[in-house]
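Scope of the values below: all heavy atoms of this structure, side chains included, with no hydrogens, waters or symmetry mates.
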Amino acid sequence: MTDRMFRLDGKVAVVTGASQGIGAAIARAFAEAGADLLLVARRHDALTEFADELRVGTGQRVVTVMTDVMAEDAPAQIAERAQASWSGIDVLVNNAYSSGGVVCPVLDLDDEVWDEVLAANVVAPFRLCRELVPLMAGRSGCSVINVVSGSGFLPSQGIGAYGVSKAALWMLTRQLAVELAPKVRVNALCPGIVSPDGEPAHQAHIDLLPHVPMGRLGRPEEMAGAAVYLASSAASYTTGEVVFVNGGRPW
């Protein structure tokens with residue numbers, strides 16, 4: 001019975017930012033748990049190669065949409081592909097994001113950085129929810145998972161716009177959880193510092209390690225178990241919550 005609670009057999013999951021990192025790890029875990037997938041990313045070659053790998057390795061149905069989630073037509077494009085491939089969807093993972101690409105004091109940020117970060121991290125998830133949640137109508141056990149950040153709970157030096165946007169995404173999560181209950185559960189996943197192999201990739205990672213009780217960085221696949229939980233019937237009474245997977249870091 002416990003094993004069945006974490007299965008995703010018969011479910012269809014949309015995962016954005018799915019060609020690499022945490023998005024790819026979540027997609028792989030979902031497929032291994034029995035879900036079919038609609039993967040969204042910008043990089044055609046990486047997305048196609050990963051989708052082929054999942055089809056062969058898991059036997060699940062995997063379709064792709066190459067688009068930028070910030071594009072005006074992205075939500076409709078994703079919805080149309082989901083409807084053409086299945087009768088609806090069960091899970092939406094808003095994982096794609098923008099950091100803004102700038103590290104500086106918040107008052108030194110240009111408007112363009114704010115526009116991009118808020119568009120990618122708040123507006124795009126909202127627009128995807130608005131377009132895709134109706135495709136969950138008539139289905140049971142549906143779930144939205146928004147990938148937030150510790151920077152949305154406590155300030156992080158130099159990446160203020162990113163932190164503000166992730167704080168807004170957390171509040172959007174809570175708002176949607178109230179408004180969509182009991183039909184659709186909406187939760188957040190908050191990863192810690194992650195690198196492909198769990199090893200520090202640059203000096204900033206090394207500087208942060210003393211604040212991580214586990215004494216190391218996380219790996220993408222270590223984030224995926226929490227996503228499977230939130231998507232599965234094991235979390236059937238969990239909504240409006242955030243699951244931290246960060247090695248014990250205070251936030």
Ignoring hydrogens and geometry, is there a side-chain-to-backbone donor-acceptor pair from Asn146 to Asn94 under 3.5 Å? no
In the single-linkage hydrophobic clustering (I, L, V, M, F, W, Y; side-chain heavy atoms under 4.5 Å), do Val184 and Trp170 co-cluster? yes
Are the side chains of Val242 and Cys190 in contact, using a 4.5 Å heavy-atom criterion? yes
Rounded distance [0.5 Å steps], CD in Glu221 versus CD1 in Ile22: 10.5 Å
Taken in chain and number order and not counting sequence neighbours, the residues that satisfy ring pair (Phe, Tyr, Trp, His ring centres under 6.0 Å) with His44 are none
Report yes if some heavy atom in the side chain of Thr16 is under 4.5 Å from a heavy atom in the side chain of Tyr97; otherwise report no. no
Counting N and O atoms only, with roles assigned by atom type, does the side chain of Ser232 sit under 3.5 Å from a partner on the main chain of Tyr229, one being a donor and the other an acceptor? yes
CG (Leu172) and CZ (Phe126) are apart, to the nearest 0.5 Å, by 7.5 Å
Working to the nearest 0.5 angstrom, can you tell me the gap between Ser236 OG and Met5 CE? 6.5 Å
Leu39 to Ala27 - nearest heavy-atom pair and separation: CD2-CB, 3.7 Å
Met214-Leu208 co-clustered via ILVMFWY side chain contacts under 4.5 Å: yes
Is there a path of hydrophobic side-chain contacts, each under 4.5 Å between heavy atoms of I, L, V, M, F, W or Y residues, that connects Leu107 with Val117? yes
May I ask you to decide if Arg249's main-chain N or O and Asn246's side chain share a donor-acceptor pair within less than 3.5 Å? yes
So Val14 and Val93, do their side chains get closer than 4.5 Å, heavy atoms only? no
Can you find a pair of side-chain heavy atoms, one from Ser143 and one from Asp90, that are under 4.5 Å apart? no
Can you get from Ile159 to Val164 by hopping between Ile, Leu, Val, Met, Phe, Trp and Tyr side chains that sit under 4.5 Å apart? no
Does any part of the side chain of Leu169, heavy atoms only, come nearer than 4.5 Å to the side chain of Val147, both counted from C-beta? no
So which atom in Gly152 and which in Ala167 form the shortest heavy-atom distance, rounded to 0.1 Å? O-CB, 3.3 Å
Within the distance-only criterion (no hydrogens, no angle test), does the side chain of Ser195 pair as donor or acceptor with the backbone N or O of Glu199 below 3.5 angstrom? yes
Thinking salt bridges, do Arg216 and Glu222 make one under a 4.0 Å N-O criterion? yes
When you measure from the side chain of Asn95 to the backbone N and O of Gly17, does any donor-acceptor pair fall under 3.5 Å? yes
Write down the atom of Pro213, the atom of Gly247, and the distance for their closest heavy-atom approach. CD-O, 3.3 Å
Return the minimal non-hydrogen interatomic distance between Ala224 and Ala25, and the atom names on each side. CB-O, 3.5 Å
Check against side chain to side chain contact (heavy atoms under 4.5 Å, CB included), Val148 and Leu189: CA-CA 6 Å; Val148 296; Leu189 170 63; over 6 Å; no
Starting from Ile145, can I reach Phe6 by hopping between I/L/V/M/F/W/Y residues whose side chains sit under 4.5 Å apart? yes
Got more than 12 heavy atoms from elsewhere within 6.0 Å of CZ, Arg139? yes
Do Val212 and Leu217 have side chains that approach each other closer than 4.5 Å (heavy atoms only, starting at C-beta)? no
Side-chain heavy-atom pair Thr48, Arg43 within 4.5 angstrom cut-off: no
Kindly list each side-chain donor-acceptor pair under 3.5 angstrom involving residues 174-181, sequence neighbours excluded, with atom names and distances?
unit_1: Gln175; atom_1: NE2; unit_2: Glu179; atom_2: OE2; d: 2.7

Search all heavy atoms of Pro125 against all heavy atoms of Ala120 and return the closest pair with its distance. CD-O, 3.3 Å
Show the numbers, then the answer: is there a side chain to side chain contact (heavy atoms under 4.5 Å, CB included) between Asp52 and Leu54? CA-CA 5 Å; Asp52 289 341; Leu54 286 185; over 6 Å; no
Run the side-chain hydrogen bond (donor to acceptor under 3.5 Å, both in side chains) test on Thr58 and Glu32 for me, step by step, so that the C-alpha distance in whole Å, both residues' side-chain angles and the decisive distance to 0.1 Å come before the verdict. CA-CA 6 Å; Thr58 67; Glu32 291 175 350; over 6 Å; no
CA sep, side-chain torsions, deciding dist, call: Val133, Val144, side chain to side chain contact (heavy atoms under 4.5 Å, CB included): CA-CA 8 Å; Val133 165; Val144 175; 4.3 Å; yes
Any side-chain to backbone donor/acceptor pair from Ser165 onto Val122? Under 3.5 Å, distance only. no
Determine whether Trp114 and Val106 satisfy the following criterion, side chain to side chain contact (heavy atoms under 4.5 Å, CB included), listing intermediate values before the conclusion. CA-CA 10 Å; Trp114 280 102; Val106 69; 3.6 Å; yes
Do Cys142 and Val91 come close enough that some side-chain heavy atom pair is under 4.5 Å? no
Less than 4.0 Å between a side-chain N and a carboxylate O, is that true for Glu53 and Arg28? yes
Calculate, to the nearest 0.5 Å, the distance between atoms SG and CG belonging to Cys104 and Leu109 respectively. 4.0 Å
Let me confirm one number: the CD1-CG distance from Ile78 to Leu92, rounded to the nearest 0.5 Å. 8.5 Å
Scan the side chains in residues 59-75 for donor-acceptor partners under 3.5 Å anywhere in the protein, sequence neighbours excluded, and list what turns up.
unit_1: Gln60; atom_1: NE2; unit_2: Gly34; atom_2: O; d: 3.0
unit_1: Gln60; atom_1: NE2; unit_2: Ala35; atom_2: O; d: 3.2
unit_1: Gln60; atom_1: NE2; unit_2: Asp36; atom_2: OD1; d: 3.0
unit_1: Arg61; atom_1: NH1; unit_2: Ser85; atom_2: O; d: 2.7
unit_1: Asp68; atom_1: OD1; unit_2: Met70; atom_2: N; d: 2.9

Report the distance from atom CD1 of Ile89 to atom NZ of Lys11, rounding to the nearest 0.5 Å. 11.0 Å
Any sub-3.5 Å donor-acceptor pair from Arg185's side-chain atoms to Ala235's backbone N or O? yes
Heavy-atom closest pair, residues Leu37 and Ala31: CD1-CB, 3.8 Å
